[in-house]
Q: 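Below are the structure tokens for one structure; questions will follow.
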Amino acid sequence: MPASRSQLRYRCGCWTAWRYEMEFRGVFAPSLRLAGKALLAFAVLLSTYEVSPLKAQTCGSSGLALQVLGSGGPELQDKRASTSYLLWDQGIARVIVDAGGGSALRFGESGAQMSQVDLVLFSHFHIDHSGDFSALVFSSWFEDRKRPLPVYGPPGNEFMPSTREFVSDLFSEPHGAWRYLSELVGPAKKGSYTLEPHDVVAGSKPVLVFRNSDLAVYAVRVIHGGFPALAWRVEMGGKRIVFSGDTNGEGDGLTQLALDADLFVAHNAVPEGATGVERRLHMPPSVIGTIAANAHVKRLVLSHRMLRTLGSEKETQAEIQRHFSGPIVFANDLDCFPVR
Ligand SMILES: [Zn+2]
């Protein structure tokens, strides 16, 4: 029998309970608290001098905006969360694209609520794109969500689970890793929160995957070595935001998907001249620049930054500019890109 939400809350409230108990016992002495307040005031004073393009919590408060939750790849030494993006519309977090390690923390820092989210899209199931999905789901368990959460991603093969298998492997009874949340994958009940995974079989031409009154989502199959992978386009308010995901850039499906995109998020995982496995999995700057130019994208955001590309931004930008003359931005965690 799965634990109820209130039981789970109780199990997870240990830190708060401990802190209150310590305060009650006087362990957090008044003088220490005063010192803490002074430090906080100093930090606030310092932060007013910080030059920041947009405070994370204000991302998308008016209009459509992309927030980068994770701008890194799999390496923890890049000191970035792994791949994840959040689309905001009028201050509401609507779509999550990928959920790599660290993105759940960034999601919390962004001020978003999982109960607001309409869709989760996965490019593929490497850990740096999916590792924090369970953390996001468990967090949402504590919110009062009363509708299903559709999850779209690629089909599986011998290397990767399909999207349906991925969700089932995590939460289904009897063998799911976190089967204590199996209620989430049970038969959908009206007015209840369940996960609705879908395998998206896309070809080399963009296909419509989801549409509601103000949101349309398209996918195209991209080549990422032998791993089933998708690139995504989200359309809202007449704007197009395109996510390359991880791909070596083969074929012209991604160019078609990115046609006239207002924002094109491409993954800068390898430097120019990369060979072997790196090149079979990822596109170098010249390929990114060619796709961005052929698709006439309005703005290029470079993410999935790795140790092998960090520090080479000047060279990367120069290589891309040999092909693409529009604006280029290197993403950092929690950066907010309004799309107007
Ligand atoms: Zn990756």
Side-chain angles (χ1 to χ4, degrees), residues 66-86 96-107 120-136 151-157 159-163 166 200 202 219-233 241-251 253-254 257-258 264-272 274-285 287-288 291 300-313 316 330-335:
L66 164 78
Q67 186 157 33
V68 177
L69 297 182
S71 60
E75 302 149 308
L76 301 179
Q77 293 75 16
D78 62 19
K79 299 182 176 62
R80 293 160 186 271
S82 299
T83 309
S84 184
Y85 308 102
L86 181 61
I96 294 172
V97 181
D98 284 346
S103 61
L105 173 63
R106 296 284 184 256
F107 185 90
V120 176
L121 310 176
F122 279 108
S123 64
H124 66 297
F125 291 108
H126 273 145
I127 299 169
D128 58 316
H129 297 254
S130 61
D132 261 13
F133 178 63
S134 306
L136 287 168
V151 180
Y152 293 92
N157 69 2
F159 305 117
M160 284 283 163
S162 70
T163 305
F166 177 73
V200 176
V220 75
R221 184 173 65 89
V222 289
I223 306 301
H224 182 44
F227 305 100
L230 299 170
W232 289 100
R233 182 172 81 221
I241 303 176
V242 175
F243 303 88
S244 73
D246 285 0
T247 176
N248 64 12
E250 244 178 87
L254 182 55
L257 189 80
F264 176 41
V265 183
H267 285 184
N268 181 213
V270 295
E272 199 60 30
T275 56
V277 177
E278 289 183 10
R279 181 64 187 88
R280 284 199 290 280
L281 292 172
H282 296 289
M283 50 187 175
V287 174
I288 295 174
I291 293 171
L300 174 62
V301 175
L302 296 168
S303 189
H304 201 290
R305 303 171 67 187
M306 295 183 63
L307 297 181
R308 53 202 183 202
T309 51
L310 283 162
S312 306
E313 288 75 11
T316 298
F330 288 89
N332 294 309
D333 287 11
L334 291 177
D335 275 358

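Order of appearance sets the numbers: ligands from 1, and atoms from 1 within every ligand. Note that the structure is a prediction, hence the values are computed from the model and not measured. All residue numbers refer to positions in the sequence shown, counting from 1.
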Q: Closer than 2.8 Å to the Zn ion (ligand 1), do we get an N, O or S atom from His126, backbone or side chain?
A: no

Q: Which word best sums up how the rings of His129 and His124 line up, parallel for under 30°, tilted for 30 to 60°, or perpendicular for over 60°?
A: tilted

Q: Only N/O/S atoms count here: what is the atom of Asp246 closest to the Zn ion (ligand 1) called?
A: OD2

Q: Please report, to 10°, the angle around the Zn ion (ligand 1) from atom NE2 (His129) across to atom OD2 (Asp128).
A: 90°

Q: Quick check: does His304 put an N/O/S atom under 2.8 Å from the Zn ion (ligand 1)?
A: yes

Q: Between Ser82 and Gly100 (side chain of the first, backbone of the second, donor and acceptor by atom type, cut-off under 3.5 Å), is there such a pair?
A: no

Q: Of Ser84, Ser123, Ser130, Ser103, which meets side chain to side chain donor-acceptor pair (under 3.5 Å) against Asp98?
A: Ser123

Q: Should the pair His126 and His224 be assigned to parallel (<30°), tilted (30 to 60°) or perpendicular (>60°) ring geometry?
A: perpendicular

